[in-house]
Structure formats: C-alpha cells, structure tokens
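Contents: one structure, followed by commentary.
Remember, it's 1-based here, ligands and their atoms both numbered in the order they're listed.
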Amino acid sequence: MTKNAQLAAWVEQSAALMKPERIHWVDGSEAENSQLVEEMVRAGTLIQLNQTTHPNCYLHRSAPNDVARVEHLTFVCTRDQDAAGSNNHWMAPADAHEKIDALYAGCMRGRTMYVIPYLMGPYDSLYSRAGVEITDSPYVVANMRIMARVGTRALTHIEAGNSFVRGLHSVGDLDPDRRFIMHFPEELLIKSVGSGYGGNALLGKKCHALRIASWQARTEGWLAEHMLILGLEDPTGKTTYVAAAFPSACGKTNLAMLVPPAVFNGWKVWTIGDDIAWLHPGPDGRLWAINPEAGFFGVAPGTSSKTNPNCMGTVGRNTIYTNVAVTADGQPWWEGIDQPQPENLTDWQGRPYDPANGPAAHPNARFTVAAAQCPSYSDQANAPQGVPLSAIIFGGRRSTVAPLVYEALNWEHGVFTGASVASETTAAATGKVGLVRRDPMAMKPFCGYNFADYWAHWASFGERSTNLPKIFHVNWFRKDGAGRFMWPGYGDNMRVLKWIVERCEGRADALKTPIGSVPHFDSLDMGGLDLTRATIDALLAIDPEIWTQEVDEIAKYLDSFGERVPAALMRQVARIKSELANQRAA
Ligand code: GTP
Ligand code: SPV
Ligand code: MN
C-alpha cells in the first residue's frame with residue numbers, strides 16, 4: 001500500500017476494472033524475487049537452466065506470436081493528431097481509452113496484480129524519473145527488477161511528492177488481434193495489453209524512457225534518446241564520453257561493451273548504457289548523459305566471446321533468457337555462440353531442433369541481466385550528473401551507400417545527419433526484415449511526438465550552446481558484391497572510435513566532402529588488420545551520383561512532414577545538393 005493518494009486511487013481504480021484476485025506491491029527484495037521465480041518455475045513460465053554452468057539463470061519461452069515489438073499496434077494518443085506526427089500511429093485519447101479498457105475489463109480474474117514502483121536513472125540524480133507499472137505478469141516483474149530500480153526506494157521517491165508515469169499492463173489473452181501499446185503523453189500514462197514481450201511489456205523501457213520521456217524532454221529542454229553511452233579511456237588515462245544511436249539490433253550493446261584489438265594497448269572501453277540515454281545541457285554548455293536503465297535486455301544471437309567477450313562475461317549468471325535454444329544439459333544456446341551446434345538441441349519453441357523450422361534460437365532472442373555484472377561497467381554509470389559527451393554517433397545497418405564513418409560539419413549538419421539515418425529492418429520488431437527505411441536518430445519507433453518538432457528541438461540546442469558534442473555517422477554493415485560484410489566490425493570498431501576521439505581533440509586528418517568529413521586513409525589506425533587498401537577506400541568512398549539520389553530521397557522524406565520541418569534541415573539539403581552538383585560537374 002501507499003500513502004500517496006493519487007497512486008492509491010489509481011491502483012484501486014485499476015483493480016476495480018481488471019478484477020485481480022489479489023494485489024502485490026513489489027518491494028524489490030531478494031526474498032520476493034526468489035519466491036516469484038520459484039512460482040514461475042512451478043508454473044512452467046521459467047525453466048531452470050544448468051545451475052552449475054549458469055547459476056541462477058532461467059529460460060522463458062514466450063508465445064510464438066509474441067516475440068518482438070509490434071510497431072503497427074503501438075499508438076501515441078494526443079488530443080491533437082499533429083502533435084503525434086506521421087511518424088506515429090495515432091488514436092484519439094477517448095477512443096483509445098475506450099478500446100483498451102474494454103480489453104482490460106476483468107482481465108486479471110483469478111490472478112495477481114503486481115504494482116511495481118520504479119525509478120529510471122541513478123538514485124539521487126535530479127535527472128531520474130519515477131514510474132509505476134501495474135502488471136499481471138510475474139515475468140515482467142522479474143525483468144523490471146533487473147532493468148530498472150524497483151521497489152521500496154522508488155516508492156519512497158514517489159511518496160516524497162515526485163511525479164510518476166503510470167503504466168498499465170496485462171498479457172490479456174496474447175491474441176495479436178487484441179494487442180495494443182498505447183501512450184497518453186498528456187496524462188503521463190501508458191496502457192499495454194496482449195503482449196508479454198520486451199518493449200511491449202517492460203513499460204519503463206521504450207514506452208516510458210523514450211516515448212513519454214521524449215515528450216517531457218521537449219517541453220523541459222532535454223533529450224531522451226535511443227543511445228548507448230560509453231567512456232573511451234586512452235593510454236594516458238584520459239576518458240572521452242560518447243553516445244551512439246543505432247536502430248534496434250544494429251550494434252548498440254556490442255559497441256557499448258567493445259574490447260579493443262590487442263594492438264590498441266592501453267585503450268579501454270567503459271560501459272555506461274547500451275540502449276537509452278537521457279541528455280541534459282549542463283551549466284558548462286555540454287550535454288551530460290545518464291543511462292536511465294539498470295540492466296541490459298540484449299540480443300543473444302551473434303553474441304560470442306569473439307564478438308562480445310564482455311557480454312559473455314556478463315550473462316553467465318543471474319540472467320533471464322528469452323527464446324534462446326537449450327542444450328541437452330540445460331545450457332542456453334544460440335546461433336553465433338562459441339559452442340558449435342550440439343546434438344539434441346531444443347529450439348526456442350521447446351521442440352527438438354529441426355533446421356526445417358528455422359533457427360534454433362529466435363533471431364530476436366534476448367537476455368536480461370543487471371548492468372552491474374558487466375566487466376566493463378563504468379564507475380561513472382551511477383554518477384547523478386551523468387557524463388559529459390564529446391561525441392554523438394548516429395548509424396544504421398546499410399549494405400550500400402553509407403560509408404564506414406563521416407563527421408558532420410557542424411551541429412546543424414549533425415542534426416540533418418541524424419534525421420537522415422536509414423537502416424535495414426531487423427527482427428527486433430515484427431514485420432519484414434532487411435527493408436531499408438528511414439529511422440531518424442534511430443527513434444522511428446520511439447519518438448513520442450511529431451518528428452518535425454523533434455528535429456526542431458534538436459536544432460534548438462545549436463542556438464543555446466557552443467560546447468555541444470561533435471556529431472558523426474557510422475555504418476558497420478557495408479557488404480561486397482558477394483554479400484559479405486566488408487568491415488570486420490565488433491572490436492575493430494575501436495579503429496573508428498579512436499579516429500572520432502582524435503577528431504574531438506582536433507588531431508586526426510579528414511577530407512571534407514559535401515556529406516561530411518571522412519578519414520584520410522592514413523588517419524585510421526589499421527594496425528594488425530588485414531584489409532586491402534582497395535577495401536578501405538571502398539568503405540570510405542562517397543559517390544556523388546549515389547549520394548545525389550540519397551539526398552533526394554532524404555529531402556522527400558523530410559518534406560513528407562510538411563511545414564513543421566525546421567528550415568535548418570532544408571538549408572542542409574540545398575547546400576549538399578549544390579555541392580554535389582558542383583562535384584559532378586568538375
Ligand atoms: P537493440 O537491443 O535491439 O536496441 O539492439 P542493439 O542496437 O543493442 O544491437 P546489438 O549490439 O545487440 O547487435 C545486434 C546484432 O548485430 C547482433 O546479432 C550482433 O552480433 C550484430 N552486430 C553488432 N555489432 C556488429 C558489427 O560491428 N558488425 C556486424 N557485422 N554485426 C554486428
Ligand atoms: C529494441 O527493439 O530496440 C530493444 C528491445 O531494445 S525492446 O525492449 O523490445 O524494445
Ligand atoms: Mn533498443
């Protein structure tokens with residue numbers, strides 16, 4: 001129970017609608033978690049994994065039709081439709097409430113309603129925000145306990161009079177026809193029904209920390225972004241902080257935990273966050289970043305001790321796995337893991353593995369684990385003021401067009417660069433995989449308001465400060481004619497990070513082009529890497545013909561947002577087009 005009257009009334013009102021058998025206020029304790037896990041194992045919701053090799057690790061198999069975010073069922077419900085923008089699905093608030101409340105009626109009969117008070121952001125940070133999620137899923141409770149700071153301390157924060165976001169969630173009947181993820185930013189309210197999966201159900205994450213928070217950030221003068229945060233320590237001990245926005249399943253977790261190649265003696269990457277960053281302008285005019293989350297909900301397939309040793313060092317204990325395969329002796333397994341595919345594998349749906357059924361682990365199989373377990377976890381990760389950013393990196397998954405790295409010419413061009421991000425779709429959301437779509441700032445599925453207003457908000461920082469981070473764009477995913485990745489990626493991305501740090505320090509060389517500055521061949525540290533000059537040239541090339549087409553497409557996309565698009569972006573379109581035309585004429 002609570003002494004906060006608003007919270008008490010909302011819980012009571014929700015219970016009257018959903019009719020649970022009992023209400024459980026989550027305190028976040030170890031004992032509470034053990035009991036929940038025990039109940040879930042008994043119910044078959046969790047499967048205990050091999051406790052010798054993977055202590056305190058469990059497997060959850062979600063419903064086969066509930067394995068990813070559902071963007072077509074995700075709505076932003078604002079009074080004014082234009083406030084949500086064409087980047088969001090919109091429903092009038094009254095209609096949305098009516099529709100979803102009908103699905104909530106009596107949905108918790110015979111079940112427990114859990115009330116989860118949580119804090120997004122470090123304890124004692126002025127930037128942290130509270131929420132309360134009501135759910136009928138013990139799996140959600142166990143995951144939220146890892147991903148956010150849940151329980152008594154968060155409740156105390158709310159009872160001290162701090163505002164909180166309300167999130168109502170029920171798995172309902174898991175029928176995709178009765179599944180909705182609805183956001184009411186004007187009411188600081190989220191309503192989700194019909195899914196138990198990740199971003200649809202762990203409401204502190206994408207629903208609160210991005211969609212609702214981005215709305216709040218706009219009115220309050222900060223930014224809520226789909227970004228990892230890392231610290232890059234050089235051999236002298238100096239650490240440079242960087243945030244990077246890549247679309248879902250495009251490399252944030254991997255970059256955040258990067259282990260530099262052996263030749264980068266003395267360099268070290270420190271992990272602060274792997275998915276979400278809240279950026280606030282500091283008194284020094286710099287942007288300071290906190291990670292509102294406390295855990296990682298990361299993609300399992302492709303993770304190995306070669307690609308991401310820090311991650312493998314994180315997920316061996318106290319981890320909830322979702323939709324991975326399992327070996328005969330109860331160990332988690334996925335495509336790309338170190339161990340070759342064993343005999344007698346059980347696939348993510350609990351069937352004996354048969355290649356005819358597709359991969360053994362679902363391509364969007366995930367692990368949930370506390371960030372503090374990561375060997376590269378930064379000692380600044382809980383700093384109340386956050387870390388000061390020197391660089392912001394945008395990127396996408398593009399087999400063509402986008403070079404390995406380029407640097408925006410200034411803040412305004414950087415905002416254009418972020419707005420122009422395109423990426424091939426991945427298994428993190430339902431729908432076709434591999435289609436190129438515009439994903440500005442990697443926020444297409446997560447921006448809680450009109451993209452045009454969002455870009456204007458980004459652009460406005462340029463008028464407020466001269467001490468902003470430099471902006472870069474990267475692409476780890478260029479492919480050759482045979483469909484192979486041209487860049488080794490993973491730890492070797494350090495080579496690009498190092499150039500970025502040197503650019504921030506005004507050291508490394510670059511060649512200015514209309515779309516940005518690219519490294520000179522000599523200014524990228526390629527020591528110990530066996531790539532031909534021709535491959536590196538191809539990775540860094542900016543083809544004026546292809547980029548003229550690309551800029552036309554970007555302009556068309558920006559134009560589709562109409563009058564509200566900031567003039568700054570159209571200025572960049574005009575500049576780049578004319579410079580490319582000059583280049584082609586030359
Ligand atoms: P979300 O959690 O969905 O937001 O994803 P993310 O952006 O954190 O992506 P993640 O780091 O989990 O990587 C997604 C997939 O891309 C995994 O299968 C990785 O193995 C793969 N990947 C990550 N970095 C690289 C890279 O540098 N090169 C290549 N080729 N693949 C990569
Ligand atoms: C993403 O899809 O960007 C994720 C996973 O990080 S989810 O929590 O499902 O949004
Ligand atoms: Mn993400």
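- Under the 6.0 Å distance and 45° angle rule, K306 does not count as a cation-pi partner of Y490.
- With a 6.0 Å cutoff to the six-membered ring centre and a 45° limit on the axis angle, R397 counts as a cation-pi contact of F477.
- Atoms of ligand 2 found under 4.0 Å from any heavy atom of A428 (numbered from 1 in listed order, with element): 2 (O).
- Looking at D275 and the Mn ion (ligand 3) together, the shortest N, O or S contact belongs to OD1.
- For the residue pair E424 / S399, a side-chain donor-acceptor distance below 3.5 Å is found, with atom types taken as modelled.
- Set against the non-hydrogen atoms of K205, the atoms of ligand 2 under 4.0 Å away are 6 (O), 8 (O).
- Counting atoms of ligand 2 from 1 in the listed order, those under 4.0 Å from a heavy atom of H226 are 3 (O).
- Defined by atom type and a distance below 3.5 Å, a donor-acceptor pair is missing between the side-chain atoms of N308 and T303.
- Counting only heavy atoms of the protein, atom 4 (C) of ligand 2 lies nearest to K206 NZ, 2.8 Å.
- Ring planes of H280 and Y127: parallel class, angle under 30° (limits at 30 and 60°).
- Note: H60 and Y139 have parallel aromatic rings, judged against thresholds of 30 and 60 degrees for the angle between ring planes.
- Here F446 has side-chain heavy atoms under 4.0 Å from ligand 2, and that is the only part of it that gets that close.
- Under a 4.0 Å criterion applied to the non-hydrogen atoms of S248, ligand 2 contributes the atoms 1 (C), 2 (O), 3 (O).
- In this structure, K252 does not count as a contact residue of ligand 2, since none of its heavy atoms falls inside 4.0 Å of the ligand.
- The immediate protein surroundings of ligand 1, defined as residues with any heavy atom under 4.0 Å of it, consist of H226, P247, S248, A249, C250, G251, K252, T253, N254, D275, F297, V299, P301, G302, R366, R397, W476, F477, F485, G489, Y490, N493.
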- Task: Determine, stepwise, if the pair W458 / E225 fulfils side-chain hydrogen bond (donor to acceptor under 3.5 Å, both in side chains).
- Result: CA-CA 11 Å; W458 263 88; E225 298 298 326; 3.2 Å; yes

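- Geometry note: the Mn ion (ligand 3) is the vertex, K206 NZ and H226 NE2 are the arms, and the angle is 90° (rounded to 10 degrees).
- At the top of the distance list for atom 9 (O) of ligand 2, counting protein heavy atoms only, stands G199 N, 2.8 Å.
- Contact atoms of ligand 2 toward D275: 6 (O) (distance under 4.0 Å to a heavy atom of the residue).
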- Might you work through the ring-ring contact (aromatic ring centres under 6.0 Å, His included) test for H457 and Y449, ending with a clear yes or no? CA-CA 11 Å; H457 183 47; Y449 63 102; 7.0 Å; no

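- Between W487 and L531, some side-chain heavy-atom pair lies under the 4.5 Å cut-off.
- The nearest protein atom to atom 2 (O) of ligand 2, hydrogens excluded, is given as R69 NE, 2.9 Å; this is a heavy-atom distance.
- The shortest distance between side-chain heavy atoms of N323 and V67 falls below 4.5 Å.
- In this model, no donor atom of one side chain and acceptor atom of the other lie less than 3.5 Å apart for R145 and N143.
- Side-chain N/O atoms of T535 and T532 include a donor and acceptor closer than 3.5 Å.
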